[in-house]
Amino acid sequence: MRRLSMIPALAATLALVSTGCSVVKDKPSTNVQPPKAGVPASGDEVTGIYRTIHQGLLQLRSGGSFVLIVPEGPGPSAGNYTLRDGRLEVRTKACGDETGAYDVVITGAQEAGKATLNISAVEDSCEARSHYLTVDPWVYANS
């Protein structure tokens, strides 16, 4: 008899929990925002995850660190970057003390979430890093 009296309470709790979860699920994420087209002024404008057609992944983090993963490469690479007025400077452990310099331009429509990070080498003596950063355009990935 006691079990039957608990059924309405359990049903009400389940309904409340499932309603609460659907509200949270439908809420849009506020930290996912593609960059605007043009020459980025700072690293804050390009923070996010980017992918290439060849399954490469570049994560530019706030605070100036990044992770680069390419399937055909030697494994994940991490380092630090600065970006000022479209000039990207990167350092990775794999390349020693050498700093690589690149130009960055963003193309595509921010509203459609189709922003593309185009990186071209200015000067970098670390051929592997230069190759992987510039071989393909990096498409913004919001997930």
Side-chain angles (χ1 to χ4, degrees), residues 3 5-143:
R3 287 185 188 176
S5 65
M6 291 181 64
I7 290 175
L10 288 173
T13 302
L14 182 59
L16 182 61
V17 168
S18 66
T19 303
C21 290
S22 66
V23 171
V24 172
K25 183 178 176 184
D26 294 339
K27 182 180 175 186
S29 178
T30 57
N31 65 344
V32 176
Q33 192 161 19
K36 296 177 185 173
V39 175
S42 71
D44 291 338
E45 295 180 20
V46 296
T47 300
I49 297 173
Y50 299 83
R51 299 183 187 274
T52 68
I53 192 168
H54 293 107
Q55 304 303 315
L57 180 134
L58 175 63
Q59 181 183 27
L60 298 171
R61 299 172 176 168
S62 61
S65 66
F66 74 94
V67 175
L68 174 66
I69 302 171
V70 289
E72 70 278 1
S77 178
N80 295 306
Y81 76 95
T82 58
L83 180 64
R84 288 186 192 93
D85 299 323
R87 179 60 52 98
L88 175 70
E89 292 186 351
V90 296
R91 292 180 68 130
T92 56
K93 289 181 183 179
C95 295
D97 292 333
E98 298 297 321
T99 298
Y102 300 85
D103 284 335
V104 176
V105 175
I106 300 165
T107 58
Q110 179 186 26
E111 299 79 28
K114 303 289 184 186
T116 301
L117 193 67
N118 299 284
I119 302 174
S120 57
V122 173
E123 183 179 349
D124 195 346
S125 61
C126 185
E127 291 181 29
R129 178 176 61 201
S130 179
H131 171 75
Y132 292 124
L133 284 174
T134 62
V135 69
D136 291 317
W138 294 93
V139 179
Y140 183 81
N142 60 0
S143 58

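For reference, positions follow the sequence shown, starting with 1.
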*asked:* When you measure from the side chain of Trp138 to the backbone of Leu133, do you find a donor-acceptor pair of N or O atoms at a distance under 3.5 Å?
replied: yes
*With the side chain counted from C-beta on, respond yes when Val90 and Asn80 share a heavy-atom pair under 4.5 Å apart, and no when they do not.*
no
*What's the spacing between Ile49 CD1 and Leu57 CG if we round to 0.5 Å?*
6.0 Å
*Exercise: do Thr99 and Glu89 side chains pair donor with acceptor under 3.5 Å*: no
*asked:* Between Val135 and Thr52, is there a side-chain heavy-atom distance shorter than 4.5 Å?
replied: no
_Nearest atoms (heavy-atom pairs only) where Val39 meets Gly86_ = CG1-CA, 3.3 Å
_When you compare the side chain of Ile106 with that of Lys36, does any pair of heavy atoms fall below 4.5 Å?_
no
*For Leu88 and Tyr81, run side chain to side chain contact (heavy atoms under 4.5 Å, CB included): C-alpha distance rounded to whole Å, both residues' side-chain angles, the deciding distance at 0.1 Å, then the answer.*
CA-CA 7 Å; Leu88 175 70; Tyr81 76 95; 3.7 Å; yes
*CD of Glu127: more than 12 outside heavy atoms within 6.0 angstrom?*
no
*Just by modelled atom types, is the Arg61 backbone N or O under 3.5 Å from a matching donor or acceptor in the Ser65 side chain?*
no
_Quick one, Thr92 and Arg129 - any side-chain contact, counting heavy atoms below 4.5 Å?_
yes
*Pairing residues for Asp44 by the side-chain hydrogen bond (donor to acceptor under 3.5 Å, both in side chains) criterion, not counting sequence neighbours*: none
*Minimal non-hydrogen separation, Glu72 against His54, with atom names*: OE1-O, 4.5 Å
*Determine whether Glu45 and Pro35 make a side-chain contact, defined as any pair of heavy atoms from C-beta on separated by less than 4.5 Å.*
no
*Side chain to side chain, Leu60 and Leu83, heavy atoms closer than 4.5 Å*: no
*Asp124 side, atom CG; Cys95 side, atom SG - distance, nearest 0.5 Å*: 6.0 Å
*asked:* Within a 6.0 Å radius of atom CZ on Arg87, are there more than 12 heavy atoms belonging to other residues, nucleotides or ligands?
replied: yes
*Any side-chain heavy atom of Tyr132 sitting closer than 4.5 Å to one from Leu58?*
no
_Rounded distance (nearest 0.5 Å) linking atom CD of Glu98 with atom SG of Cys126_ = 8.0 Å
_Worked verdict on Ser130 versus Tyr102 for side chain to side chain contact (heavy atoms under 4.5 Å, CB included)_ = CA-CA 9 Å; Ser130 179; Tyr102 300 85; 3.5 Å; yes
*Within the side chain of Tyr140, is there an N or O that forms a donor-acceptor pair under 3.5 Å with the backbone of Gly108?*
no
*When rounded to the nearest 0.5 angstrom, what distance separates CZ in Arg51 from CD1 in Ile69?*
9.0 Å
*Asp103 CG to Ser120 OG distance, which is reported to the nearest 0.5 Å*: 4.5 Å
*Apply the test side chain to side chain contact (heavy atoms under 4.5 Å, CB included) to residues Val104 and Asn118: give CA-CA distance (whole Å), side-chain angles for both, the deciding distance (0.1 Å), then the verdict.*
CA-CA 6 Å; Val104 176; Asn118 299 284; over 6 Å; no
